[in-house]
Novice: 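I'd like to ask you about the structure that follows.
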Amino acid sequence: MNFIKEKNTPAMEQYLNLKTQYKDYLLFYRMGDFYELFFDDAIQAAKLLNIVLTKRGNANGQDIPMCGVPAHSSESYLHKLIDFGFKVAVCDQLETADEAKKRGYKTIVKRDVVRIVTPGTIVEDSLLEDKSNNYLASIVEQNKEYAIGWLELSTGKFFYTVTNLKDLNSDLLRISPRELLISDKLTEDEKIRLILKNYKISITQHAQSFFEYNKSHRTLCEFYKVREVGVIGNFSKVEVAACGALLEYVRVTQRGSIPRLEFPKPYKQQNFMLIDASARRNLELFSTQFGEKKGSLISIIDHTVTASGGRLLKQMLASPLTCSKAINLRLSTVEFFVNNHELRKKVREILSNIPDVERSLSRLMLGRGSPKDMHLLKIGLGKTLELSELLSHYSQVSSQHSWIPVSATQMTDNNELNTIHKSLGDHKDLFETLNNAVLDNNLNSLKEGGFINPKYNQELSELSYVLNNSNKLINKLRESYRDLTGIAALKILHNNILGYYVEVSANHKIAADIFIHRQSLANSSRYTTNELKELENKILTARDAAINLEIKIFNELCSKIAEEAEKIALAANSLAKLDIRATFAEIAVRNNYAKPIIDESKEFKIYNGRHPVVEINNKFIANSIDLIGIHLITGPNMAGKSTFLRQNALIAILAHMGSFVPAESAHIGVIDKIFSRVGATDNIAAGYSTFMVEMIETATIVNQATDRSLVVLDEIGRGTGVYDGLSIAQAVIEHIHNTNRCRAIFATHYHELTKVSKSLENVKCFCVKIKEWNGEVIFLHEVIEGIADESYGIHVAKLAGFPDSVLNRASEVFEELKA
């Protein structure tokens, strides 16, 4: 891009000046109906977007690589580039060509970057997944203290927490940000680099000064219009830096558009169950070991009918509660809906017709909303009113009539449901305003017009009448002129030179003063009138005037919405909660789940528990557990040990989310952390073998588990020699028993380990029941008290398809070793 400045065209000179300011971004440069890209931007984009790369010459005789995408379909191309990890600066025309000409001959159209699109700052529906959050996060370190801030521009959610290197991996997995702000200095830390390797995150680096405390403090105060940050939250210095850096980045990328963001909320780890990275993976909460959603826990429990409900459900699964009171409030609401089938059905039906209010509201507040967003918000408010009235009616009826089921009267006594109901709010006035003003539409652009009801505004009604009835108005004027002149053949015609004009034949003369002569032809004479000129001007300008008036009304409506933005956001959050409680009730009824007892004890008693995923498409053998201390489970592969381990951890997680559970009954004392080491994995990127990964994950467990934790371990020590593995496994059991003193389920093939039950008071031995019949081994998938006498590995090899020669030889070797 080293061109002699005076030899570039004005448009290219303007482009080069902008590109200099946005070197790290692909620049979408608006030229008419297209966004053009030039030079290296064009070469990269053409290849990635599979579009034609062309060239244009400049005054130096050089060819400039270029490509372009239609402005009307630019979002789909943006989506692809963002997915590839690029950041895009969108440069728009700030005036029309005619407006530029008024400023001077050959004056270039004003252009400037109106926003910067990055993975973490997307708000467009077409670029977002309905039921997934799109978080922008920042990690800050000051004086060896770490903090994470994260926000979602499309919904206004904003959180922060203190963390450390030990918990950072789990924090990032829980938050799952699309984009991460981090200082250059922090990325030089080898430990940080190793953690970030595990995630597909767009990394945005800034100088350390970007995260400086005083700057961040000032940014927070300016954004929320307060003198001190203490007014909006109890922040530490490092938390201020994390939150302030996010707001500064939002300010830079949004180019003056101020988003609606809630006050930052603290995420206090002690309020939520810690599920470490390996447990999330091993328990297949969000995806299977193969990376598929089908077969994960979320695929079974996500029957939410709203986008916001789906997003909140994922947050709840990532962070189950640890407060028994809060959990039981949720459970009581779920129970209410379990017991009231018709109400649940009606609530879910109404909810299923509610659009994504959160995201439409955020776009409207950001100045990037469309007529479609306003229409969707109108629908959302209307359905919210309908839902609120339904709950009010049900509450009144249930309290007044003894014939209503006893369960229905629970609504007035249900604190959470009452809170949700009140938080839906009363948006009747705003809904009626929007309902009267906004037509049903699917328009993504204000420039098209046709989205405001003409009846809403007198001036717009007149303009609309002119637009729709121009021929009728012309004919009416023509008839009045015929009556005035007495010339029945008088016509009103139009051409591009004269515009509208009155024409009579050369045989007729018009004497009336209102007619102004324009042109005489051989066979006719042409006239105009002031009235005709006014009507012509109205017709010609009506469309532009109507569109401009609609845009003005749209902005006025946005101001009305802004006045209720916080109440609408609160209602949207309540809709999400209501959706989840009704969904949990639906699942409970459909899959025969039971309400668990959750308290502050250390109980873990589950009667006839089932694996929520495995049971869906299979005949499932239920198993019970009364866990005090450690349960040591032996038995062959394929007998169901791993399934039993996972199902109990999943039941615990569901219960702490406030869901009913797949069991006949369950009593669980609050669990603060769940650790799971189930399945064999390696980490090639970090250079770790399967055994090393196993040891790292087990070390995390013995170092972090408390007496309120649940530990699920499968075959510790199998990746090394028998004696090494057996020694490590026994040492781990003893440490968990004596030091961590937590509830643990431990599956093993080391039958020698069962001897520890004689010396450790709280270790009990169980095995998976099998049956031998006609030389075959039948797995019964039933967990019973006792010790397995064999592992039946050769039988499993037979099931896997080993040839008889190998199986026979294996049996011979086995007998020799046993002897």
Side-chain angles (χ1 to χ4, degrees), residues 123-126 128-134 152-157 259-262 304-313 346-392 419-444 446 451-453 456 553-583:
V123 295
E124 289 79 6
D125 251 357
S126 60
L128 294 168
E129 291 182 33
D130 284 349
K131 290 189 174 184
S132 293
N133 291 105
N134 196 78
E152 186 174 36
L153 214 56
S154 64
T155 62
K157 300 281 191 287
R260 185 202 70 83
L261 289 174
E262 298 171 358
T304 53
V305 292
T306 66
S308 57
R311 292 193 295 270
L312 183 58
L313 180 63
K346 186 64 179 174
V347 165
R348 281 172 58 81
E349 182 186 328
I350 296 172
L351 284 168
S352 67
N353 290 303
I354 295 182
D356 198 339
V357 171
E358 277 185 328
R359 286 183 169 167
S360 287
L361 175 65
S362 288
R363 283 192 290 273
L364 289 166
M365 294 302 92
L366 192 56
R368 208 167 295 149
S370 64
K372 177 183 176 181
D373 283 314
M374 195 167 281
H375 168 55
L376 292 176
L377 182 62
K378 174 188 77 174
I379 293 173
L381 292 178
K383 291 296 177 183
T384 301
L385 278 170
E386 186 181 342
L387 200 53
S388 184
E389 287 169 7
L390 172 68
L391 293 175
S392 293
T419 301
I420 289 173
H421 184 201
K422 288 175 184 175
S423 298
L424 292 177
D426 181 5
H427 310 281
K428 190 174 182 180
D429 291 344
L430 179 59
F431 167 69
E432 288 180 352
T433 298
L434 294 178
N435 198 38
N436 291 332
V438 182
L439 295 171
D440 293 352
N441 71 85
N442 204 31
L443 299 173
N444 288 313
L446 295 172
F451 52 86
I452 297 295
N453 188 346
Y456 179 73
I553 294 168
F554 180 87
N555 290 330
E556 289 171 354
L557 292 173
C558 281
S559 297
K560 290 181 182 292
I561 292 167
E563 292 171 8
E564 287 194 34
E566 296 309 315
K567 292 179 181 177
I568 296 170
L570 181 62
N573 190 48
S574 297
L575 290 170
K577 289 179 180 177
L578 195 61
D579 185 12
I580 290 169
R581 306 302 183 263
T583 294

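Remember, predicted model here, so these are calculated numbers, not experimental data. Nothing fancy with the numbering, it's 1 onward along the sequence.
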Novice: Using the side-chain contact (heavy atoms from CB on, under 4.5 Å) rule, take Glu262 and Glu152 through it: C-alpha gap first, then chi angles, then the decisive distance, then the call.
Specialist: CA-CA 10 Å; Glu262 298 171 358; Glu152 186 174 36; over 6 Å; no
Novice: Can you tell me how far the CG atom of Asp356 sits from the OG atom of Ser308, to the nearest 0.5 Å?
Specialist: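 The CG atom of Asp356 sits 6.0 Å away from the OG atom of Ser308.
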Novice: Hey, what do you get for CD1 (Ile354) to CG (Asp579), rounding to the nearest 0.5 Å?
Specialist: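 Taking CD1 in Ile354 and CG in Asp579, the distance rounds to 8.5 Å.
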Novice: Examine the side chains of Asp429 and Thr433 and answer whether a donor and an acceptor come within less than 3.5 Å of each other.
Specialist: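 Side-chain D/A pair, Asp429 to Thr433: absent.
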Novice: Distance from Thr306 atom OG1 to Leu312 atom CG, nearest 0.5 Å?
Specialist: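 It comes to 8.5 Å.
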Novice: Would you say Arg311 and Thr155 are linked by a side-chain donor-acceptor pair, where the criterion is simply a distance under 3.5 Å?
Specialist: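 Side chains of Thr155 and Arg311: no pair found under 3.5 Å.
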Novice: Is there a side-chain contact (heavy atoms from CB on, under 4.5 Å) between Val357 and Leu376? Walk through the geometry before answering.
Specialist: CA-CA 7 Å; Val357 171; Leu376 292 176; over 6 Å; no
Novice: Compare all side-chain heavy atoms of Leu387 with those of Leu578 and state whether any distance is below 4.5 angstrom.
Specialist: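 The answer is yes, as the side chains (C-beta and beyond) meet within the 4.5 Å cut-off.
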Novice: Measuring from Lys378:NZ to Asp373:CG, what's the distance to the nearest 0.5 Å?
Specialist: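 Those atoms lie 13.0 Å apart.
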Novice: Should Glu386 and Lys383 be marked as a salt bridge (charged side-chain N to carboxylate O under 4.0 Å, His left out) after you check the CA-CA gap, both sets of side-chain angles, and the distance that decides it?
Specialist: CA-CA 5 Å; Glu386 186 181 342; Lys383 291 296 177 183; 3.3 Å; yes
Novice: Which pair of heavy atoms, one from Leu364 and one from Ser370, lies closest together, and at what distance?
Specialist: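 Minimum heavy-atom separation between Leu364 and Ser370: CD2-O, 4.2 Å.
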Novice: Please tell me if the side chains of Phe554 and Met374 come closer than 4.5 Å, counting only heavy atoms from C-beta onward.
Specialist: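 The answer is yes, as the side chains (C-beta and beyond) meet within the 4.5 Å cut-off.
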Novice: At what distance, to the nearest 0.5 angstrom, does OG of Ser423 lie from CG of Leu570?
Specialist: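 Between atom OG of Ser423 and atom CG of Leu570 there are 4.0 Å.
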Novice: Side chain to side chain contact (heavy atoms under 4.5 Å, CB included) with Asn555: which residues, sequence neighbours excluded?
Specialist: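 If we apply the side chain to side chain contact (heavy atoms under 4.5 Å, CB included) test to Asn555, skipping adjacent residues, the hits are Ile551.
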Novice: Side chains of Lys428 and Glu432: does their closest heavy-atom pair fall under 4.5 Å?
Specialist: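 Yes, side chains in contact.
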Novice: State, with a plain yes or no, whether a side-chain heavy atom of Val123 is found less than 4.5 Å away from one of Arg359.
Specialist: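 A side-chain contact under 4.5 Å is absent here.
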Novice: Any side-chain heavy-atom pair from Tyr456 and Leu557 closer than 4.5 angstrom?
Specialist: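 The answer is yes; the side chains approach within 4.5 Å.
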Novice: Decide side-chain contact (heavy atoms from CB on, under 4.5 Å) for Leu575 and Ile420; before the verdict, give the C-alpha distance in whole Å, the side-chain angles of both, and the deciding distance to 0.1 Å.
Specialist: CA-CA 8 Å; Leu575 290 170; Ile420 289 173; over 6 Å; no
Novice: Any chance the side chains of Asn134 and Ser154 put a donor and an acceptor closer than 3.5 Å?
Specialist: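 There is no such pair (donor and acceptor under 3.5 Å, judged by atom type) between the side chains of Asn134 and Ser154.
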Novice: Heavy-atom distance under 4.5 Å between the side chains of Leu385 and Asp426, does that happen here?
Specialist: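 Yes. Closest side-chain heavy atoms under 4.5 Å.
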Novice: With rounding to the nearest 0.5 angstrom, report the CD to CG distance, Glu564 to Leu430.
Specialist: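 Taking CD in Glu564 and CG in Leu430, the distance rounds to 4.5 Å.
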Novice: Show the numbers, then the answer: is there a side-chain contact (heavy atoms from CB on, under 4.5 Å) between Ile379 and Asp440?
Specialist: CA-CA 9 Å; Ile379 293 173; Asp440 293 352; 5.8 Å; no
Novice: For Ala565 versus Leu361, what's the shortest heavy-atom pair and its separation?
Specialist: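 Nearest heavy atoms, Ala565 then Leu361: O-CD2, 3.5 Å.
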Novice: Do Leu391 and Ser388 come within less than 4.5 Å of each other through their side chains, counting heavy atoms only?
Specialist: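 A side-chain contact is absent here, since even the closest heavy-atom pair is not under 4.5 Å.
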Novice: Tell me, with the steps shown, if Arg363 and Asp125 meet salt bridge (charged side-chain N to carboxylate O under 4.0 Å, His left out).
Specialist: CA-CA 9 Å; Arg363 283 192 290 273; Asp125 251 357; 3.3 Å; yes
Novice: Decide whether Ser392 and His421 meet the rule of one side-chain donor and one side-chain acceptor closer than 3.5 Å.
Specialist: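 Side chains of Ser392 and His421: pair found under 3.5 Å.
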Novice: Please check: side-chain N/O of Ser352 versus main-chain N/O of Glu349, any donor-acceptor pairing under 3.5 Å?
Specialist: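 Between the backbone of Glu349 and the side chain of Ser352 there is a qualifying donor-acceptor contact (under 3.5 Å).
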Novice: Is there a donor-acceptor contact under 3.5 Å from the side chain of Asn453 to the main chain of Leu439?
Specialist: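 Not confirmed, Asn453 side chain does not pair with Leu439 backbone.
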Novice: Any side-chain heavy atom of Ile561 sitting closer than 4.5 Å to one from Met365?
Specialist: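 Yes - at least one pair of side-chain heavy atoms lies under 4.5 Å apart.
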Novice: Does the Thr384 side chain pair with the main chain of Gly380, one donor and one acceptor, at a distance under 3.5 Å?
Specialist: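 Checking the backbone N and O of Gly380 against the side chain of Thr384, a donor-acceptor pair under 3.5 Å is found.
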Novice: Side chains of Thr304 and Lys131 only: does a donor on one sit below 3.5 Å from an acceptor on the other?
Specialist: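 Checked: Thr304/Lys131 side chains pair up, N/O donor to acceptor below 3.5 Å.
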